[in-house]
Every structure is written in structure tokens, then in C-alpha cells.
Amino acid sequence: MAKLFRAAIMGPPGSGKGTISKRIAHSFGLQYLSSGHFLRESIAANTEAGVLVRTYVERSMLVPDHVMTKLMLPRLEQLIDHSWLLDGFPRTLSQAREMNNLCQLDLVISLNIPYETLRERLSDRWSHPASGRVYNMGFNPPRVQGKDDITGEPLIQQDDDKPEALMARLRHYKDVAKPVIDLYKSQGILHSFSGTDTDRIWPYINSLLSTKMHTQPSDAFQTQTH
């Protein structure tokens with residue numbers, strides 16, 4: 001049986017985590033686990049954790065550590081025999097320590113994107129609230145302006161994607177992420193990538209994973225030039 005490989009990706013809002021995560025999952029056969037997806041799923045299913053999550057989401061509050069771990073750790077436990085890439089968890093040092101008690105990560109990717117780039121990306125970002133699908137008017141627009149591709153329902157711009165709220169979000173991310181990044185750096189598993197363009201960062205991440213996993217990725221993204 002092939003050795004299990006578990007990785008996490010970190011980055012501020014608008015850093016391209018979702019795009020890069022999907023490329024990694026596609027190229028290297030890792031299961032893509034999104035905390036946002038699990039949050040929406042648990043709310044829709046009305047699970048015990050989902051009921052708790054809803055009380056925070058409805059008030060636009062951050063979901064606290066004990067609720068996130070209550071939601072995420074059982075999911076990870078179910079996937080104990082799988083290789084995966086985790087996006088959106090752990091966000092805090094407390095969450096990282098709790099996860100360490102369950103399983104050890106092999107690799108953590110941290111994306112460092114300049115503020116100006118994040119500001120431009122997020123000001124162009126619109127989403128479909130029910131599904132969490134995100135569109136970018138610059139490089140990933142909906143087929144019909146202002147409408148979700150699948151349901152045709154209206155898209156919205158989140159209040160926290162508006163410029164006045166962005167600085168606070170980025171400052172919060174830096175404050176909370178730094179201890180987590182320091183922890184993974186001390187464990188020797190952190191790899192940081194800087195840049196303004198996902199397509200330029202991707203080959204370096206691709207190369208790192210090929211080395212770490214001792215495998216050749218599928219060529220689906222090696223030939224991508226745009």
C-alpha cells in the first residue's frame with residue numbers, strides 16, 4: 001500500500017488557495033477537503049455541529065476553535081486511511097495542536113500574496129451564497145453577469161470582500177496564522193510561495209509535490225501556459 005500523504009494549504013483571503021488546491025488534487029490524486037464545504041454541509045444537514053456553526057455564521061461571526069474542531073476532527077478521523085489536502089483548517093494554533101493529536105501533516109503550503117493583489121482580486125469577487133461558488137469578474141466570470149452558472153440565482157458581493165473590510169480581514173489572518181506558520185516551520189514541513197500570479201506560483205508547488213510524493217503528476221496542468 002502506498003504511503004499516505006497529508007498536506008494543508010494556508011493563505012489570506014483571495015490568495016488563490018481554492019484554485020491551487022484543485023490543481024493539486026487533480027494532479028496528484030489527493031482528496032481535497034475544504035472546511036468551508038464541511039461547514040455548509042453540516043448546516044444543511046442540521047447536525048449537532050451544524051446547528052452550532054449556524055449560530056455564528058448567521059451573525060457573521062468567526063466560528064470558534066472548539067466548534068471547528070468538533071466539526072473537522074471526526075471528518076479527518078473517518079479519512080484516517082486516505083491521502084488528502086486540507087484547505088481552511090487549521091486556522092489557529094489551538095486547532096493545529098488539536099489536529100496534531102489525531103494525525104501528523106507531511107507538508108504545509110503557505111501562500112504569500114501582496115496586499116495590492118489581494119485587494120484587486122477580492123474587489124472583483126462575487127459569490128453564490130447557497131453553494132459557496134465564487135466567481136472573479138477578472139479571470140473567472142459567470143456566464144451571465146450577476147447570475148450563478150448552475151442555478152441562475154443572483155450573485156452577491158460579501159461585505160467582508162469590500163475594500164473597507166479587507167484590511168481588517170488581512171490583519172486578522174496575519175495575527176492568527178503567524179503562530180500556526182511558526183509551528184509548522186519548527187516541524188520542518190512548511191514551504192512558502194510568494195507571487196502575484198497563481199499560474200507562476202503553480203510550477204514551483206508542482207515541483208515540490210512531485211519531489212515529496214516521489215511521483216509524476218498528471219500532465220493536465222504541466223502544459224497550462226495562461
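Below, each value reflects all heavy atoms present in this structure, side chains not excepted, and no hydrogens, waters or symmetry copies. By convention here, the first residue in the shown sequence is residue 1.
Cluster membership for Phe28 and Ile109, using ILVMFWY side-chain heavy atoms within less than 4.5 angstrom, is shared. Transitive grouping of hydrophobic side chains (ILVMFWY, heavy atoms separated by less than 4.5 Å) brings Tyr173 and Leu93 into a common cluster. Note on Leu76 and Tyr184: same hydrophobic cluster, where clusters join Ile, Leu, Val, Met, Phe, Trp and Tyr whose side-chain heavy atoms are under 4.5 Å apart, directly or indirectly. Hydrophobic clustering of Ile, Leu, Val, Met, Phe, Trp and Tyr side chains at less than 4.5 Å, counting indirect connections, keeps Ile20 apart from Ile189. When the side chains of ILVMFWY residues are joined at heavy-atom separations under 4.5 Å, either directly or via intervening members, Phe89 and Val67 end up in a single hydrophobic cluster.
Closest approach of Pro129 and Pro154 over heavy atoms only: CD-O, 4.2 Å. Minimum heavy-atom separation, Val180 to Ala96: CG1-CB, 4.3 Å. Shortest non-hydrogen contact noted between Gln104 and Asn100 is NE2-O, 2.9 Å. Annotation for Ser35 and Met68: closest pair CB-CE, 4.1 Å, computed over non-hydrogen atoms. Closest non-hydrogen pair, Gly195 versus Ile113, comes out as O-CD1, 3.2 Å. The shortest non-hydrogen separation linking Leu208 to Phe193 is CD2-CZ, 3.7 Å.
Rounding to the nearest 0.5 angstrom, the gap separating the CD1 atom in Ile80 from the CG atom in Leu102 is 4.5 Å. A distance of 6.5 Å separates CG of Leu33 from CE of Met72, quoted to the nearest 0.5 Å. Atom CG of Asn136 is separated from atom CZ of Arg125 by 8.5 Å, given to the nearest 0.5 angstrom. With values rounded to the nearest 0.5 angstrom, Ser42 atom OG is found 11.5 Å from Lys70 atom NZ. Distance check: Leu183 CG to Lys185 NZ gives 11.5 Å after rounding to the nearest 0.5 Å. How far CG of Leu85 is from CD1 of Ile24: 5.0 Å, rounded to the nearest 0.5 Å.
Checking Leu107, Leu105, Val108 one by one against Leu190, the side-chain contact (heavy atoms from CB on, under 4.5 Å) holds for a single residue, Val108.
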Residue pair Ile156, Ser127: steps toward the side chain to side chain contact (heavy atoms under 4.5 Å, CB included) verdict: CA-CA 5 Å; Ile156 65 163; Ser127 63; 4.1 Å; yes
Set out, in order, the CA-CA distance, both residues' side-chain angles and the distance that settles side chain to side chain contact (heavy atoms under 4.5 Å, CB included) for Ile205 and His191, then state yes or no. CA-CA 9 Å; Ile205 294 175; His191 295 263; over 6 Å; no
Does the pair Leu52 and Leu71 meet the rule for a side chain to side chain contact (heavy atoms under 4.5 Å, CB included), with working shown? CA-CA 10 Å; Leu52 268 175; Leu71 173 74; over 6 Å; no
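Side-chain contact between Leu62 and Arg91 is absent, with no heavy-atom pair separated by less than 4.5 Å. In this structure, Val57 and Ile43 have side chains that are in contact, with non-hydrogen atoms separated by less than 4.5 Å. Counting only heavy atoms from C-beta outward, the side chains of Thr19 and Trp202 never approach each other to under 4.5 Å. Residues Glu41 and Arg75 are in side-chain contact: their nearest non-hydrogen atoms beyond the backbone lie under 4.5 Å apart. Using a 4.5 Å cut-off on side-chain heavy atoms (C-beta onward), Glu98 and Thr92 make no contact. By the 4.5 Å heavy-atom criterion applied to side chains, Lys3 and Asp106 are counted as neighbours. Two residues are said to be in side-chain contact when any heavy atoms from C-beta on lie closer than 4.5 Å; Ser131 and Ile150 fail this criterion.
Within a 6.0 Å sphere centred on CD of Glu116, heavy atoms belonging to other residues, nucleotides or ligands number more than 12.
Put simply, the side chain of Asp124 never gets that close to the backbone of Met137: no donor and acceptor are under 3.5 Å apart. Between the side chain of Tyr135 and the backbone N or O of Asp149, at least one donor-acceptor pair lies under 3.5 Å. One N or O on the side chain of Ser83 and one on the backbone of Phe5 form a donor-acceptor pair closer than 3.5 Å. Checked by atom type and distance alone, the side chain of Ser210 pairs as donor or acceptor with a backbone atom of Asn206 at under 3.5 Å.
Between Arg171 and Asp175, none of the side-chain N atoms (NZ, or NE/NH1/NH2) sits under 4.0 Å from a carboxylate O, so this pair counts as no salt bridge. Residues Asp148 and Arg133 are paired through a salt bridge, judged by an N-O separation under 4.0 Å between the basic side chain and the carboxylate.
Because its NZ or CZ atom is both nearer than 6.0 Å to the ring centre of Tyr56 and within 45° of the ring axis, Arg59 counts as a cation-pi partner of that residue.
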